[in-house]
Chemist: 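One structure, pasted below without further comment.
Just so you know, ligand 1 is whichever comes first in the structure, and atom 1 is the first atom listed for that ligand. We count residues from 1, following the sequence as given.
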Amino acid sequence: MKDVRLEDLPLREDLRGRTPYGAPQLDVPVRLNTNENPYPPPPELVADLTKAVEEVAWGLHRYPDRDAVALREDLAAYITRDTGFPVTAANVWAANGSNEILQQILQAFGGPGRTALGFEPSYSMHPIIAAGTRTEWAPTPRRADFSLDTVEAARIVQERKPDVTFVTSPNNPTGQSVPVDELRTLVEATPGIVVVDEAYAEFSSQPSAVSLLEDFGHKLIVCRTMSKAFAFAGGRLGYLIAAPAVVDALQLVRLPYHLSLLTQAAARAALRHADATLTSVAKLAAERERVMEALRGMGFQVVPSDSNFVLFGLFEPGAWQAYLDRGVLIRDVGIEKHLRVSIGTPEENDAFLAVSKEIA
Ligand code: PMP
């Protein structure tokens with residue numbers, strides 16, 4: 001085939017020169033760069049999932065349940081248990097990872113002529129999904145210590161009136177959560193939709209924003225994922241909790257049968273083993289505290305984290321490569337002098353700390 005370059009294609013002007021999301025996927029001994037759960041699924045889960053997938057495989061000639069009702073019921077039961085706030089399948093919508101949920105939200109509530117606002121540094125996919133849906137992106141800075149000044153944030157959203165505002169709590173890549181009463185103030189002040197991205201909620205000591213749906217069903221969406229605490233990143237399952245009308249709105253933009261029969265069956269099997277899987281959360285939180293303390297002891301500046309990763313510094317350029325050269329893959333999230341490490345198993349964390357000691 002003749003060599004065709006990207007520049008030769010009639011690509012949308014607004015996409016020219018952009019870079020895709022690209023956390024490196026490298027085969028190194030210690031991989032601590034994408035905030036996955038380091039513990040593989042327990043054998044009972046794998047057995048149950050295999051059986052469930054085998055059972056549904058006989059029906060693969062038919063499209064799956066387009067509305068994924070059984071899975072949404074299971075997710076609603078989990079959220080009710082986890083947050084103490086009763087929700088039903090009508091409040092839940094699921095997709096292939098919370099990235100797809102975020103995309104559907106911007107397809108429905110963003111788009112050309114509309115604006116989405118985020119408090120940066122935060123999750124890098126928010127602006128990328130905004131670009132893909134042709135939603136104008138309004139980046140708004142956090143405090144110098146990366147915490148969110150919610151009073152200032154409320155003032156800014158009142159002034160700018162974004163159609164969609166993203167609040168990531170705990171925030172990736174910096175780690176802190178926003179207390180729920182401060183979120184309430186911010187949601188109250190916001191004229192448009194507020195998406196609270198709770199991808200790391202299970203690791204946090206702060207209560208979920210789900211309880212705010214009682215008062216703010218007309219503008220609040222809480223987004224979650226099974227990729228982190230649930231150790232199901234490879235299964236690709238994200239979901240939202242919102243008013244049923246929000247779920248109705250997303251039906252207008254979702255692709256039909258977007259969640260495969262296999263994904264629905266596998267995710268339900270994973271949810272049946274939630275208690276076993278989620279025992280890793282306390283272990284990871286304890287390891288996070290150990291890693292943060294050890295890093296501080298070595299003289300690093302450590303940003304307080306309520307999640308399964310830690311942002312730390314201060315580094316000279318080249319530090320990311322120095323870790324990699326020693327077999328430890330962590331993340332350069334583009335914040336000057338800082339790197340982010342995901343919390344792994346105790347052995348992985350020890351390997352990371354040993355390299356940190358050399359580099360400090
Ligand atoms: N939101 C945040 C804040 C994240 O960090 C991530 C994953 N890195 C996601 C959403 C998307 O995760 P997934 O698509 O795997 O559910």
Chemist: Between Leu240 and Gln104, is the side chain to side chain contact (heavy atoms under 4.5 Å, CB included) condition met? List the steps.
Modeler: CA-CA 11 Å; Leu240 61 70; Gln104 292 178 348; over 6 Å; no
Chemist: Atom 1 (N) of ligand 1: which protein heavy atom is closest, and how many Å away?
Modeler: Asp197 OD2, 2.7 Å
Chemist: For Tyr323 and Ser356, test the side chains for any donor-to-acceptor distance below 3.5 angstrom and give the result as yes or no.
Modeler: yes
Chemist: As a quick check of understanding, evaluate side chain to side chain contact (heavy atoms under 4.5 Å, CB included) for Asn96 and Leu259, giving each step before the final call.
Modeler: CA-CA 6 Å; Asn96 297 283; Leu259 262 188; 3.6 Å; yes
Chemist: Working to the nearest 0.5 angstrom, can you tell me the gap between Asn308 CG and Ile343 CD1?
Modeler: 7.5 Å
Chemist: So which protein heavy atom does atom 14 (O) of ligand 1 come closest to, and at what separation?
Modeler: Arg236 NH2, 2.9 Å
Chemist: Does one side chain, of Thr34 or Glu36, offer a donor that lies under 3.5 Å from an acceptor on the other?
Modeler: yes
Chemist: Closer than 4.0 Å to some heavy atom of Thr168 - which atoms of ligand 1 meet that?
Modeler: 3 (C)
Chemist: Looking only at non-hydrogen atoms, which of Met226, Met125, Lys228 approaches atom 8 (N) of ligand 1 most closely?
Modeler: Lys228
Chemist: Quick one: does Ser98 get an N or O within less than 3.5 Å of an N or O on ligand 1?
Modeler: yes
Chemist: Gly97 near ligand 1, heavy-atom distance under 4.0 Å?
Modeler: yes
Chemist: Decide yes or no on ring pair (Phe, Tyr, Trp, His ring centres under 6.0 Å) for Phe312 and Phe352, but give the supporting numbers first.
Modeler: CA-CA 13 Å; Phe312 68 114; Phe352 158 73; 5.6 Å; yes
Chemist: Has ligand 1 got any nitrogen or oxygen that is less than 3.5 angstrom from a nitrogen or oxygen of Ser227?
Modeler: yes
Chemist: Tell me whether Thr34 has any N or O atom under 3.5 angstrom from an N or O of ligand 1.
Modeler: no
Chemist: Any side-chain donor-acceptor pair under 3.5 Å between Asp306 and Ser204?
Modeler: yes
Chemist: Would you check the N or O atoms of Tyr200, main chain and side chain alike, for any that come under 3.5 Å of an N or O of ligand 1?
Modeler: yes
